[in-house]
Amino acid sequence: MNCLKCQTKFNSSHCRARISIFAIGHECIYSYWRCRSCGWYTIDAYEDRWDGKDPVKHLGPFPADVGDRCVQLIQACPDPMNQDCECDSHKALFFGTPG
C-alpha cells in the first residue's frame, strides 16, 4: 500500500494503530498508516463481510492532526480489536475518523 498524499510505499512499521468496529452486520478494521516522508495519514478500511466479498478501501489522505487524534482515541480504548466494545473511542471512530 502507498501513501495517498505522496505515494511513498508503506511497510509494517508505518502502521500506527488499528481498531475493529462492528457495523451493518459485519466487522470493519481501520488501520492508520502515517507516512514518514510527508507526515500525512492513509486509512486502510477492511470489511470482513458475511458474503465472502471482503472489500478494502483506502481513505484519505488526512493531515497529521486528524490521524494523531485517531491514534490517541485507539490508545485510550482498553481493547481496540474487540468489535463489540462500546467505549467512546469505538463510537468516535465508527466511520474511521472522529465526526
Between [atom1] of [X] and [atom2] of [Y], what distance do you get to the nearest 0.5 Å?
| X | Y | atom1 | atom2 | answer |
| --- | --- | --- | --- | --- |
| C28 | E47 | SG | CD | 5.0 Å |
| Q83 | E27 | CD | CD | 4.5 Å |
| D65 | Y41 | CG | OH | 10.0 Å |
| I21 | M81 | CD1 | CE | 9.5 Å |
| S37 | F10 | OG | CZ | 8.5 Å |

Can you list the steps and then say if I29 with D48 is a side-chain contact (heavy atoms from CB on, under 4.5 Å)?
CA-CA 8 Å; I29 299 172; D48 186 5; 6.0 Å; no

Take R36 and S13, measure what side-chain contact (heavy atoms from CB on, under 4.5 Å) needs, and give me the verdict at the end.
CA-CA 10 Å; R36 290 195 186 119; S13 69; 2.9 Å; yes

Any [X] side-chain heavy atom under 4.5 Å of [Y] side chain:
| X | Y | value |
| --- | --- | --- |
| W40 | P63 | yes |
| S31 | I43 | no |
| P98 | R69 | yes |

Indicate if L59 and V71 have the same hydrophobic cluster label, given that clusters are the connected sets of ILVMFWY residues with side-chain heavy-atom separations under 4.5 angstrom.
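Both belong to a single hydrophobic cluster.
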
Locate the shortest heavy-atom distance separating [X] from [Y]; write the atom from each residue and the value.
| X | Y | value |
| --- | --- | --- |
| F94 | A23 | CZ-CB, 3.4 Å |
| G39 | R34 | O-NE, 3.2 Å |
| P80 | C77 | N-SG, 3.5 Å |
| H90 | I19 | NE2-CG1, 3.6 Å |
| L4 | T42 | N-OG1, 3.0 Å |

Please determine whether side-chain contact (heavy atoms from CB on, under 4.5 Å) holds for the pair W33 and D44, giving the CA-CA distance in whole Å, both sets of side-chain angles, and the decisive distance to 0.1 Å.
CA-CA 8 Å; W33 300 78; D44 178 60; 3.7 Å; yes

Trace of the side-chain contact (heavy atoms from CB on, under 4.5 Å) decision for C38 with T8:
CA-CA 9 Å; C38 68; T8 295; over 6 Å; no

For [Y], is there any backbone N or O sitting under 3.5 Å from a side-chain donor or acceptor partner on [X]?
| X | Y | value |
| --- | --- | --- |
| Y32 | G96 | yes |
| H58 | C3 | no |
| H14 | N11 | yes |
| R18 | Y30 | no |

Please check if the number of heavy atoms outside Q7 that lie under 6.0 Å from its CD is greater than 12.
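Counting other residues, nucleotides and ligands, CD of Q7 exceeds 12 neighbours.
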
Within a 6.0 Å radius of atom CG on D88, are there more than 12 heavy atoms belonging to other residues, nucleotides or ligands?
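Incorrect, the count does not exceed 12.
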
